[in-house]
Student: 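If you scroll down you'll find the structure; I have some questions about it.
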Amino acid sequence: MSIPGSTVIIEGHAIVSVDGMIAAVDGTMPLALRNEADWRIFQAALDAAALVVLGRLGHERHPNPGRRRLVLTRSVAALEADPGDALTQLWNPAGMEIADVLRQLGVAEGTVAITGGTGPFDLFLPLLDRFVLSEVRDLTLPDGIACFTKGHPRLVLPGAGLEARDMELIDRGVVQTQWVRH
C-alpha cells in the first residue's frame, strides 16, 4: 500500500469452501470449514500483525482482547475508540480514508491483516499486497456468504493484480495459496 513515509503491507486472510464461501447462509462458520493447520497459520499471522481489520459482526462473534483491532462499522462518523476494548477502534470508511486512519493510529510499518467478512475484503481488495487463501476442497456452501461479492477469490484476486504463488497442501483436503501483488 502506498502511504507516504509508510512501509505498511496489506494482507488478507480467508478460509473458503470450494465454491468461495466464508460462511453458511446464516453467517455462521460451519465446523467443516474450520481446520487446525489453517488456524495455526492464521493465528501466527495475526500475532505478527500491527493491526487486524474486520467487520463488526466478526468482531462481535469473535472477541479477541489482546490484539489491536480496527472494526468497520456504520455506527460511528469516522473513527472512535471502542468503549469495550481499549485496543479496538471503530471505523466508518465513509467518514475517513484508511491512510488517515493508519496515520492517526500510528501504524506506519508492519502488516495490516484483513480477516473479513465480505465488506472488509471488498473494501481492501484494491489495496492488497498479499492474500493468504485456504480452500477446503470437499466442502460446498450453497447460498453461503461469499468471500468477495464479485466471485470466487481465485477469479477476483488476479483481476485485482495479485498472482498465485506457493500453493501447498496444509492438511488433508485443505490447500493454501499465497497470492501476491505483481
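These numbers come from the heavy atoms of this one structure, side chains and all, not from hydrogens, waters or symmetry mates.
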Student: Do I98 and W91 make a side-chain contact, defined as non-hydrogen atoms from C-beta onward lying under 4.5 Å apart?
Tutor: yes
Student: Linking I/L/V/M/F/W/Y whenever any side-chain heavy atoms sit under 4.5 Å apart, do V71 and V53 land together?
Tutor: no
Student: Can any side-chain N or O of H152 pair as donor or acceptor with the backbone N or O of V18 at less than 3.5 Å?
Tutor: yes
Student: Checking the side chain of D171 only, and the main-chain atoms of V174 only, is there a donor and an acceptor separated by less than 3.5 Å?
Tutor: no
Student: How close do L51 and R69 get, heavy atom to heavy atom, and via which atoms?
Tutor: CD1-C, 3.9 Å
Student: State whether R67 and D47 are salt-bridged, where the test is any N-O pair (Lys NZ or Arg NE/NH1/NH2 against Asp/Glu carboxylate O) under 4.0 Å.
Tutor: yes
Student: Between P93 and L123, what is the shortest heavy-atom contact and its length?
Tutor: CG-CD2, 3.7 Å
Student: Would a 4.5 Å heavy-atom cut-off, applied to side chains only, mark L133 and H13 as touching?
Tutor: no
Student: Answer yes or no: is there a side-chain heavy-atom contact under 4.5 Å between C147 and T118?
Tutor: no
Student: Please determine whether the number of non-hydrogen atoms from other residues, nucleotides or ligands lying under 6.0 Å from atom CD of E97 exceeds 12.
Tutor: no
Student: Without placing hydrogens or testing angles, list every side-chain donor-acceptor pair under 3.5 Å for residues 135-143, not counting sequence neighbours.
Tutor:
| from | atom 1 | to | atom 2 | distance (Å) |
| --- | --- | --- | --- | --- |
| E135 | OE1 | R154 | NE | 2.8 |
| E135 | OE1 | R154 | NH2 | 3.0 |
| E135 | OE2 | R154 | NE | 3.2 |

Student: Quick check: closest heavy atoms across G12 and L128, and the distance to 0.1 Å?
Tutor: N-CD2, 3.6 Å
Student: Within a radius of less than 6.0 Å around CZ of R34, do more than 12 heavy atoms belonging to other residues, nucleotides or ligands occur?
Tutor: yes
Student: Is there a side chain to side chain donor-acceptor pair (under 3.5 Å) between Q176 and S134 once you walk through the steps?
Tutor: CA-CA 4 Å; Q176 187 172 81; S134 295; 2.9 Å; yes
Student: Hey, is the main chain of R130 close enough, under 3.5 Å, to the side chain of R181 for a donor-acceptor pair?
Tutor: no
Student: Measure from the ring center of F148 to the ring center of F131 and say whether it is less than 6.0 Å.
Tutor: yes
Student: Test your reading of the model: is there a side-chain donor-acceptor pair from T28 to the backbone of P30, 3.5 Å cut-off?
Tutor: no
Student: Whether the side chain of R68 engages the backbone of L105 through a donor-acceptor N/O pair (distance < 3.5 Å, no angle test) should be reported.
Tutor: yes
Student: Under 3.5 Å, side chain of D129 to main-chain N/O of I10, donor-acceptor pair present?
Tutor: yes
Student: How far apart are the closest heavy atoms of S17 and L33, and which atoms are they?
Tutor: N-CD1, 3.6 Å
